[in-house]
Amino acid sequence: MNRPDDGFSEKALAQRDPAVSIAAPDQPAPDNSAARNWEQRLSGWIFTNDPRQRIRLGQTALANAIMAGCVMLLHAGADVNSPEHRWVWPWTIAALGGMLAVFAAIRSGINQQWRDPSLAMFQMLYAVAIAAGGYVLAGPVRSAALPILAVILMFGMFGLSVRQVVAVGVYAAVMFGAASFYWIRRDAGDPAVLTFEKVNFGMLLLMLMGVCILTSRLAGMRERSKRQKAALEAALEQNRMLATQDALTGCLNRRAMTERLGQAMALAARFGTPCSVIMIDLDHFKHVNDAYGHAAGDEVLRTVAELARAQLRDVDALGRWGGEEFLVLLPATSAQDAIACAERLQKKLAEVRFPNIAEDLHLSFSAGVAAIGRDDGVATLIDRADRAMYQAKQAGRARVVPAEG
């Protein structure tokens, strides 16, 4: 059934309103890469490309913006006829110059040589001093310095310790106390000024106590968060170990060993390097379990694993393949070198004694060695090593047999 034209085709839309015309599919989209590259270069030039330095510079830039706003408010509200007005411009230079100097110090990178690379404590002390100076110069609108001080202290709540915030609070109380005392002395005899300053200073003390309490709670939350993060990381590491390691011997388990072998074979194929495996089976291990118990068997397996790890390189891998079988992965190793490695392990194991089990207990193993072939996959390589190991068993045990092919 044919549908009537309801006017919503692309052509109809273009005729009705050319402004909403849909671009042809083959019309190239505008290339904004040059503008984006320019923005990235400018951002990198201002804030650097170091992630940590960028965060510090961003915070300092925000503090500079707040300071610039405070300067403009002071210029707008200061009494031009007051004797303090002559100090407004020197105060402005000190306020903006100091914060810009901090930005320049962080941008240059010299801050990374100091104990506090963010210069948080210095910035706060300097900003409190500037705010106290602004309180003196602002005249009738000086109460506006108190919320500005609150903003300054909030910066410290998230970056400083409780002790540091308390120190800044005491410092702020002293600085603003001196500023209030200046106004009380300046307008001595005026009870309204005395009341005004008492109220302001009381508000200041309440604000400082509140900031200290909140900082303490935030510090507790941060500490709990750190502990929870550490516990989570430990749990994830434990899960990773359970998923990849044999609980008894600490070797890689069969699944993890298979993955490791696949990766090693892929690298060997890519770079044309040799790669070999050794399949090890402990001789007469069932007799150890039957004669001395499974706890003794567990000790034997742990000892063999520790011995093998001590003889292998960091790039090698040892996995418990099952029961009393171990698989050794030797990247960048030829079959001849792998045979030499297996024989060295044989010799070391023959020297081991088990006084906790039996003085006369001696161990040996049968091993099959296979080097990666052109058409080998993980399964075929392991199968070749496994068949060579069984040939060693049939030949009388305690020997190393190379795989065919």
Side-chain angles (χ1 to χ4, degrees), residues 47-63 102 105-107 109-125 127 150-171 208-264 298-299 301-303 305-310 312-320 326 329:
F47 294 104
T48 79
N49 294 316
D50 183 338
R52 292 186 177 180
Q53 288 288 83
R54 287 180 71 90
I55 292 174
R56 293 166 186 150
L57 287 169
Q59 292 172 338
T60 305
L62 177 60
V102 171
I106 296 175
R107 178 61 182 83
I110 62 173
N111 64 306
Q112 300 187 71
Q113 304 173 8
W114 300 329
R115 186 174 181 180
D116 177 18
S118 65
L119 306 181
M121 192 68 172
F122 173 80
Q123 290 188 68
M124 289 194 66
L125 294 176
V151 173
I152 295 170
L153 294 173
M154 281 191 291
F155 269 87
M157 288 169 56
F158 298 96
L160 301 181
S161 66
V162 177
R163 183 177 298 179
Q164 288 175 316
V165 171
V166 170
V168 172
V170 172
Y171 171 76
L208 293 176
M209 286 190 293
V211 167
C212 291
I213 293 171
L214 288 175
T215 302
S216 177
R217 297 191 64 179
L218 282 173
M221 293 170 62
R222 285 198 298 268
E223 187 61 31
R224 286 194 297 274
S225 178
K226 287 180 181 179
R227 289 197 299 267
Q228 291 171 353
K229 181 180 178 182
L232 177 60
E233 290 176 349
L236 290 173
E237 179 63 18
Q238 180 69 17
N239 287 338
R240 187 194 66 80
M241 291 178 62
L242 291 174
T244 61
Q245 290 188 3
D246 174 62
L248 176 63
T249 62
C251 302
L252 294 176
N253 60 25
R254 185 164 182 153
R255 175 183 176 183
M257 193 63 182
T258 302
E259 293 178 357
R260 185 79 170 266
L261 179 57
Q263 295 168 358
D298 291 347
E299 182 179 342
L301 291 173
R302 285 192 293 266
T303 301
E306 292 172 2
L307 173 71
R309 279 194 293 264
L312 297 176
R313 305 167 298 177
D314 291 340
V315 296
D316 301 332
L318 176 66
R320 186 180 178 194
F326 293 87
L329 168 63

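By convention here, the first residue in the shown sequence is residue 1.
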Quick one: list whatever passes salt bridge (charged side-chain N to carboxylate O under 4.0 Å, His left out) with R217, sequence neighbours left out. none

In chain order, what residues pass the salt bridge (charged side-chain N to carboxylate O under 4.0 Å, His left out) check against R52, with sequence neighbours excluded? none

Testing the basics here: between A264 and L329, what is the closest heavy-atom pair and its distance to 0.1 Å? CB-CD2, 3.8 Å

Shortest non-hydrogen separation from G169 to L208 and the atoms involved: O-CD1, 3.3 Å

Which atom names give the shortest non-hydrogen contact between A317 and L252, and what distance separates them? CB-CD1, 4.2 Å

Residues forming a side-chain contact (heavy atoms from CB on, under 4.5 Å) with R313, sequence neighbours excluded: V315, D316, L330, P331, T333

Determine whether V168 and L153 make a side-chain contact, defined as any pair of heavy atoms from C-beta on separated by less than 4.5 Å. yes

Give, for atom CG of L312 and atom CG of L307, the distance between the pair rounded to the nearest 0.5 Å. 9.0 Å

Can you pull the side chain to side chain donor-acceptor pair (under 3.5 Å) pairs that have at least one residue in residues 238-249, sequence neighbours excluded? E237-R240, D246-T249, D246-R320

Residues passing the side chain to side chain donor-acceptor pair (under 3.5 Å) test with S118, sequence neighbours excluded, are D116

Check the surroundings of atom CZ in R222: do more than 12 heavy atoms from other residues, nucleotides or ligands lie under 6.0 Å from it? yes

According to side chain to side chain donor-acceptor pair (under 3.5 Å), who are the partners of N253, at least two apart in sequence or on a separate chain? none

Locate the shortest heavy-atom distance separating L160 from A120; write the atom from each residue and the value. CD2-CB, 3.9 Å

Check whether S225 reaches the backbone of M221 with its side chain - one donor and one acceptor, N or O, closer than 3.5 Å. no

Just to verify, what does T48 make a side chain to side chain donor-acceptor pair (under 3.5 Å) with, not counting sequence neighbours? none

Holding to salt bridge (charged side-chain N to carboxylate O under 4.0 Å, His left out), I want the full list of residues that pass it with R309, two or more places apart in sequence or in another chain. none

What residues, two or more places apart in sequence or in another chain, satisfy side-chain contact (heavy atoms from CB on, under 4.5 Å) together with A61? F47, F103

Backbone N or O of R254 within a donor-acceptor pair of the T258 side chain at under 3.5 Å? yes

Looking at CG of L218 and CE of M154, how far apart are the two atoms once the value is rounded to the nearest 0.5 Å? 11.5 Å

List for me each residue that meets side chain to side chain donor-acceptor pair (under 3.5 Å) alongside Q59, sequence neighbours excluded, and say none if there are none. none

Side-chain (Q53) to main-chain (I106) donor-acceptor, under 3.5 angstrom: yes

Any idea which heavy atoms bring V102 and F122 closest together, and the distance? CG2-CE2, 3.6 Å

Does a side-chain heavy-atom distance below 4.5 Å link M121 with R115? no

When every non-hydrogen atom of C251 is compared with those of A305, the smallest separation belongs to SG-CB, 3.6 Å

With sequence neighbours left out, write down each residue that passes salt bridge (charged side-chain N to carboxylate O under 4.0 Å, His left out) with E306, or none if nothing qualifies. none

Flag side-chain contact, heavy atom, 4.5 Å: R302 against L248: yes

Show every side chain to side chain donor-acceptor pair (under 3.5 Å) that has at least one partner inside residues 161-170, sequence neighbours left out. S161-Q164

